[in-house]
Amino acid sequence: VHGSAGDIADISLAELGHARIEWAERSMPVLRLVRERFAETRPLAGLRLAACMHVTAETGALMRTLLAGGAEIALAASNPLSTQDEAAAALVATGLTVYARNGVDRAGYYAHINAALDIEPELVLDDGCDLVNTLHVERTALVPGVRGGCEPTTSGVIRLRRMAADGALAFPMVAVNDSDTKRLFDNRYGTGQSTMDALLRSTNTLLAGRTVVVAGYGACGVGVAERARGLGAQVVVTEVNPTRALDAALQGYRVLPMAQAAPLGDVFVTVTGNRDVLRAEHFAVMRDGAVLANAGHFDVEIDVAALAELAVAKQARVRQQCDEYLLADGRRLLLVAEGRVANLAAAEGHPAAVMDMAFAEQALTTAWLAATYADLAPGVLDVPERIDAEVARLKLASMGIRTDVLSDAQQEYSRSWRLGS
Ligand SMILES: NC(=O)c1ccc[n+]([C@@H]2O[C@H](COP(=O)([O-])OP(=O)(O)OC[C@H]3O[C@@H](n4cnc5c(N)ncnc54)[C@H](O)[C@@H]3O)[C@@H](O)[C@H]2O)c1
């Protein structure tokens, strides 16, 4: 089968794209199992699906799974900078219609989303809520035909909740981001490891024995702190939430306000989802050679404008994805990836083995939506617990790990309030 080319850079890259997708799939056993199931049960047979996602090898593996389930798919890129032209080409050759070219401008980006919507979707997969937003603002005639969709990002779910609160969201959207298998594993293990990767690639600094300051001890911050400690760093955590701060303290991290942490840190990583976490007053007291990186979604956590203003000179690209700012007193501060999300900009983002779970969850949730949409009300829904648990079970099975199972008497005991001491 051949999809229509839509708008991609170069179909001759398809072979390279297939190789990349197959490499990713080696680390995605859960998605492979779901695909086998889909090929037998065809839960998406004949259904039209519009997706707006990062067009990468891992997404390619998800698209192949949905295709095996019988869906007809139009795919647009959710970020033109992350588009892998070879993955786009391979997916066209696999049977999708793809609208994705690396580096298109904003107008091209929305033209691609609109073109994908021309499929008149019954199901949608979004990543950041731009496709769902375009449906509700520009393509309202298509809205009644949509059964529902999935949204896997923190920022997309926030937008969906605003739409729902306004009474504007017209169909069910599942907040895949909030499920245990996504949030715990993607944010913690994916961001944790790939942020270390970004620090090493951009600076090749030795982390053992150094002080790493982690701002924000949420799902991502826990992972970053854990991995930094694993490499031998002394970790300092900064927080605003008392429970998170207490958790960090009991984990054995030093918890300090940033004003006190700033002069101590050799490396700083912000993962708060908030702005101005590192700012002028902190740059003013940092050590010579301090490395600054952000792993939060938006590039607002490090006040880069203030850093530029404070600096007397800037040496761009002192290394790949690393700029050096020289301050008046001779200290140098090193900024990774211009303060943009470092694990994506200076490394490769989450490894495929982590994406495996989030994508398996999206495939199973899409099939669930296709079957149960008539019983669902418009709004933001959770991933059914059954699917969350199923993905964890399949991942364990793929790793050859077995667990205990409750006996009948144990199940009875955990259900009953009569059985006490
Ligand atoms: N880099 C990636 O690949 C990746 C992956 C997932 C999420 N994210 C992004 O990372 C950010 C954090 O995600 P999360 O899931 O850990 O969120 P979270 O809400 O679980 O954690 C954020 C933590 O930061 C704390 N915080 C807020 N403002 C602070 C401040 N000024 N100083 C210190 N701490 C502060 C909060 O109290 C909270 O504990 C978000 O922007 C999210 O979109 C990035």
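The analysis underlying the following values was restricted to heavy atoms, covering all of them including side chains, and did not include hydrogens, waters or symmetry mates.
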| Plane angle bin for Y253 and Y217 - parallel if under 30°, tilted between 30 and 60°, otherwise perpendicular | perpendicular
Heavy-atom count around [X] [atom1] within 6.0 Å, excluding the residue itself: above 12?
X: D382; atom1: CG; result: no
X: Q193; atom1: CD; result: no
X: Q411; atom1: CD; result: yes
X: R254; atom1: CZ; result: no
X: E72; atom1: CD; result: no
X: R287; atom1: CZ; result: yes
X: E348; atom1: CD; result: no

| said: Determine whether M355 and H54 satisfy the following criterion, side-chain contact (heavy atoms from CB on, under 4.5 Å), listing intermediate values before the conclusion. | reply: CA-CA 12 Å; M355 302 305 294; H54 295 283; over 6 Å; no
How far apart are the closest heavy atoms of [X] and [Y], and which atoms are they?
X: G330; Y: D288; answer: O-OD1, 4.2 Å
X: L142; Y: V146; answer: O-CG2, 3.6 Å
X: F268; Y: A262; answer: CZ-O, 3.3 Å
X: G289; Y: L334; answer: O-CD1, 3.8 Å
X: Y325; Y: A311; answer: CD2-CB, 3.8 Å

| task | Verify salt bridge (charged side-chain N to carboxylate O under 4.0 Å, His left out) between E338 and R317, making sure each step is shown before the conclusion. | result | CA-CA 10 Å; E338 297 165 23; R317 295 288 176 264; 3.2 Å; yes
In Å and rounded to the nearest 0.5 Å, what is the [atom1] to [atom2] distance from [X] to [Y]?
X: L199; Y: R227; atom1: CG; atom2: CZ; answer: 14.0 Å
X: R275; Y: D299; atom1: CZ; atom2: CG; answer: 11.0 Å
X: N343; Y: R201; atom1: CG; atom2: CZ; answer: 10.5 Å
X: N79; Y: L344; atom1: CG; atom2: CG; answer: 8.5 Å

| note | Exactly one candidate in V55, L117, L131, V104 meets side-chain contact (heavy atoms from CB on, under 4.5 Å) with H112; the answer is V104
| query | Is it true that R159 and E151 make a salt bridge, defined as a side-chain N closer than 4.0 Å to a carboxylate O? | reply | no
| query | Salt bridge between R37 and E390, side-chain N to carboxylate O under 4.0 Å? | reply | yes
| task | Carefully, step by step, assess T154 and I158 under the rule side-chain contact (heavy atoms from CB on, under 4.5 Å). | result | CA-CA 6 Å; T154 312; I158 290 170; 4.3 Å; yes
| query | Does P29 reach the side chain of D356, with side-chain heavy atoms less than 4.5 Å apart? | reply | yes
| message | Using modelled atom types and a 3.5 Å cut-off, is there a donor and acceptor pairing between side-chain atoms of E25 and backbone atoms of R32? | response | no
| query | Do D118 and R139 pass the salt bridge (charged side-chain N to carboxylate O under 4.0 Å, His left out) test, and can you show the C-alpha distance, the side-chain angles, and the key distance before you say yes or no? | reply | CA-CA 9 Å; D118 287 342; R139 306 294 297 272; 2.6 Å; yes
| message | Within the 3.5 Å criterion, strictly below it, is a donor on R210 or T205 matched to an acceptor on the partner's side chain? | response | yes
